[in-house]
Every structure is written in C-alpha cells, then in structure tokens.
Amino acid sequence: MREGYEGTGPGAITPDGCAVELYSRLPVYDEPDIIAAAVPAGAHILELGCGVGRMTHPLLERGFSVTAVDESPEMLARVRGARTIRSKVEELDLGETFDVVMLASFLVHAGDVEVRRGLLRACARHVAESGCVLIQREGEDYHTNLPRERVDPSGFTLRMVSAEPVGDGVNSVRAEYEFPDAVWTQTFLARPLTKEQFEEALGEAGLRVDKYLTEDRIWVRAVRAVDEERAGAAWTAPRT
C-alpha cells in the first residue's frame with residue numbers, strides 16, 4: 001500500500017486503496033456517452049488506469065478499440081475484449097501512439113506533483129499528432145462540500161466523509177461505499193487544482209485545453225500544444 005493510501009472491505013485492495021470487488025459493482029453513468037461524443041467513431045483509445053473495465057466495456061460496445069492499462073493484475077483480470085497491459089501509468093512507454101488517450105478517475109489530481117507530471121507526460125507521448133487526450137477532473141466543490149452523501153439508484157450509498165489537509169496543498173480524502181451486504185472505505189491523497197493550475201499542468205506536459213466537454217468542466221479534451229495553424233489542420237473534432 002502506498003503511503004497515505006488505505007482501503008478496507010472484502011476482496012483484493014490495490015496499492016492506491018481501490019477495492020476490486022467494489023469497482024466491479026459500481027454502475028456506469030454517462031461517461032461513455034461523453035467520450036463517444038468527443039472523439040471520432042471507431043477511434044483506438046488508450047485507457048490509462050482502466051480498473052475493472054467499468055468504462056472499457058461500454059466503449060468496446062460502442063465500436064471503439066481499447067488498450068487498457070492498469071497496475072493491478074486483479075483489476076485487469078476483470079477486463080474483457082480489450083488489449084490489456086499491466087504497468088504504472090506514469091512509467092508507461094509503449095513506443096506507439098493512439099487516436100485518443102484517456103486519463104479518467106481524477107488521476108490528474110494525484111497528490112504527488114511528480115506523479116501527476118508523469119501521468120500527463122505519459123498522455124503526451126502516447127497521443128497521435130492528430131489525436132486528443134480526454135481527462136476527468138474533480139468537481140469544484142469536491143473537497144469543500146463535505147461531508148456529503150448520495151444514495152445511488154442501483155442500491156448503494158456513497159459518503160464522501162472528509163478531506164483533511166496534510167500539507168503542500170494536498171488533502172487526505174476518505175470515502176465510504178455502503179451496500180446491503182458489504183462496506184468498503186478508501187483513503188487517498190488528492191491535490192485540488194483550479195482551472196488555471198490544471199491548464200498550467202497541461203502546458204508543462206506539452207498539452208493544452210481544446211474544449212471543456214461538460215458545463216462543470218469535469219471532462220476535458222486536450223491536444224498537443226502546437227501552434228494554432230497546425231492544430232487546426234491536425235485535429236478535426238467529431239460532428240455534434
């Protein structure tokens with residue numbers, strides 16, 4: 001287990017405190033629709049931090065091809081129909097590029113700045129010149145509107161319990177998932193990022209925002225930070 005991370009509950013727990021059985025139970029929301037609307041049909045997607053394939057499988061059903069990457073063998077064992085690669089995301093170097101690179105699950109908010117830089121550099125070195133990077137950010141009140149609770153229609157309760165400062169702009173966040181037959185908790189380190197800080201972090205990796213895909217700016221499409229003329233020629237957004 002990484003320092004500052006902890007997970008409890010039945011089944012295997014990954015180094016960052018994620019419970020494999022929990023993530024196998026979580027429902028799919030509108031993420032695959034957001035992704036499908038933002039990229040060309042049939043694109044080859046590199047999914048960084050795929051977990052058990054919660055988004056992988058709906059994307060495959062929509063006609064995309066997916067290369068799914070995760071450091072947990074227990075997570076990857078749940079993925080079906082995709083090429084799978086076991087690796088830490090920040091260390092990944094496949095020597096190939098993809099139409100779309102996806103960094104979801106708020107990974108861009110890694111507490112360790114060097115890990116975040118490694119994640120974004122992995123995105124930049126794997127995205128094709130004419131491709132894009134899709135990133136999922138935390139909501140603006142993620143660390144402040146606490147504690148909060150949401151009862152999911154599928155039958156479990158999610159409680160975001162606390163976000164306690166631990167220094168250097170990082171919070172220790174605790175979440176609890178209660179199902180009728182089991183309870184899981186996860187404690188992890190996360191660094192809140194303003195819109196400006198997020199865009200600065202992208203720039204460090206040679207990326208820039210192309211478009212915020214949702215009104216809450218949680219989903220973002222980024223492209224290589226080339227000059228505007230080349231960017232216009234290289235990237236053609238899908239029709240909406």
Side-chain angles (χ1 to χ4, degrees), residues 1-2 4-7 9 12-35 38-39 45-59 64 66-76 78-79 82 84-92 100-112 115-120 122-123 126 133-140 142-143 150 152 156 158 160 163 170-177 184-193 198 201-202 213-214 216-222:
M1 195 67 61
R2 295 195 184 101
Y5 293 76
E6 183 182 8
I13 306 291
T14 66
D16 57 356
C18 295
V20 175
E21 180 60 32
L22 165 63
Y23 279 84
S24 296
R25 294 188 181 199
L26 293 181
V28 178
Y29 299 109
D30 61 351
E31 300 102 322
D33 294 330
I34 293 170
I35 295 162
V39 304
I45 299 174
L46 176 64
E47 184 183 4
L48 302 177
C50 65
V52 297
R54 192 176 67 86
M55 281 191 273
T56 314
H57 299 137
L59 291 173
F64 298 101
V66 182
T67 294
V69 179
D70 205 278
E71 70 173 316
S72 166
E74 294 89 354
M75 289 283 197
L76 287 176
R78 307 287 181 108
V79 177
T84 58
I85 296 173
R86 183 186 174 191
S87 173
K88 287 186 177 181
V89 171
E90 61 269 30
E91 297 176 358
L92 186 71
V100 180
V101 178
M102 187 167 70
L103 187 71
S105 303
F106 314 132
L107 291 178
V108 73
H109 292 273
D112 187 325
V115 170
R116 183 191 70 206
R117 287 172 176 156
L119 296 173
L120 291 175
C123 292
H126 288 98
V133 179
L134 300 184
I135 300 172
Q136 185 184 27
R137 304 171 61 224
E138 293 174 344
E140 293 182 0
Y142 190 83
H143 292 258
R150 177 175 63 83
D152 192 88
F156 72 93
L158 167 61
M160 298 303 299
V170 176
N171 290 335
S172 175
V173 181
R174 179 177 172 83
E176 180 180 288
Y177 299 80
W184 285 272
T185 69
Q186 183 180 7
T187 301
F188 56 95
L189 300 179
R191 181 182 297 273
L193 296 171
F198 168 71
L202 287 183
L213 301 173
T214 52
D216 54 17
R217 296 197 293 269
I218 287 177
W219 279 94
V220 187
R221 185 172 65 207

With E71 as partner, the option from R86, R2, K88 fulfilling salt bridge (Lys or Arg N to Asp or Glu O under 4.0 Å) is R2

Shortest non-hydrogen separation from [X] to [Y] and the atoms involved:
X: A110; Y: V115; result: CB-CG1, 4.0 Å
X: R78; Y: S24; result: NH1-OG, 2.7 Å
X: M55; Y: A104; result: CE-CB, 3.5 Å
X: G7; Y: I13; result: CA-CG2, 3.9 Å
X: V173; Y: A190; result: CG2-CB, 4.2 Å
X: Y23; Y: C18; result: CE1-CB, 3.7 Å

Would you check if there is a donor-acceptor pair between the side chains of D16 and T14 at a distance under 3.5 Å? yes

| message | Just by distance, no angles: are the side chains of N171 and Y142 close enough, under 3.5 Å, to form a donor-acceptor pair? | response | no

Exercise. Taking the six-membered ring of F106, is NZ or CZ of R137 closer than 6.0 Å to its centre and within 45° of its axis?
Worked result: no

What's the separation between atom [atom1] in [X] and atom [atom2] in [Y], rounded to the nearest 0.5 Å?
X: Q186; Y: L22; atom1: CD; atom2: CG; answer: 8.0 Å
X: I218; Y: E140; atom1: CD1; atom2: CD; answer: 8.5 Å
X: F188; Y: Y5; atom1: CZ; atom2: OH; answer: 8.5 Å
X: E31; Y: M102; atom1: CD; atom2: CE; answer: 9.0 Å

(message) Using modelled atom types and a 3.5 Å cut-off, is there a donor and acceptor pairing between side-chain atoms of T214 and backbone atoms of W219?
(response) yes

Closer than 3.5 angstrom, by distance alone: can the side chain of D70 be matched with the main-chain N or O of L76 as a donor-acceptor pair?
no

- Query: Salt bridge check: are R117 and E90 linked by an N-O gap of less than 4.0 Å?
  - Reply: no

* Residues E6 and R174 bridged, charged N to O under 4.0 Å -> no

Before giving the answer on side-chain hydrogen bond (donor to acceptor under 3.5 Å, both in side chains), spell out for E47 and T56 the whole-Å C-alpha distance, their side-chain angles and the decisive distance to 0.1 Å. CA-CA 8 Å; E47 184 183 4; T56 314; 2.5 Å; yes

Exercise. Between L134 and L213, does a side chain to side chain contact (heavy atoms under 4.5 Å, CB included) hold up when you go through it step by step?
Worked result: CA-CA 9 Å; L134 300 184; L213 301 173; 4.0 Å; yes

Next item on the list: Go through the steps to decide whether L46 and V69 satisfy the test side chain to side chain contact (heavy atoms under 4.5 Å, CB included), and finish with yes or no.
Entry: CA-CA 8 Å; L46 176 64; V69 179; 3.7 Å; yes

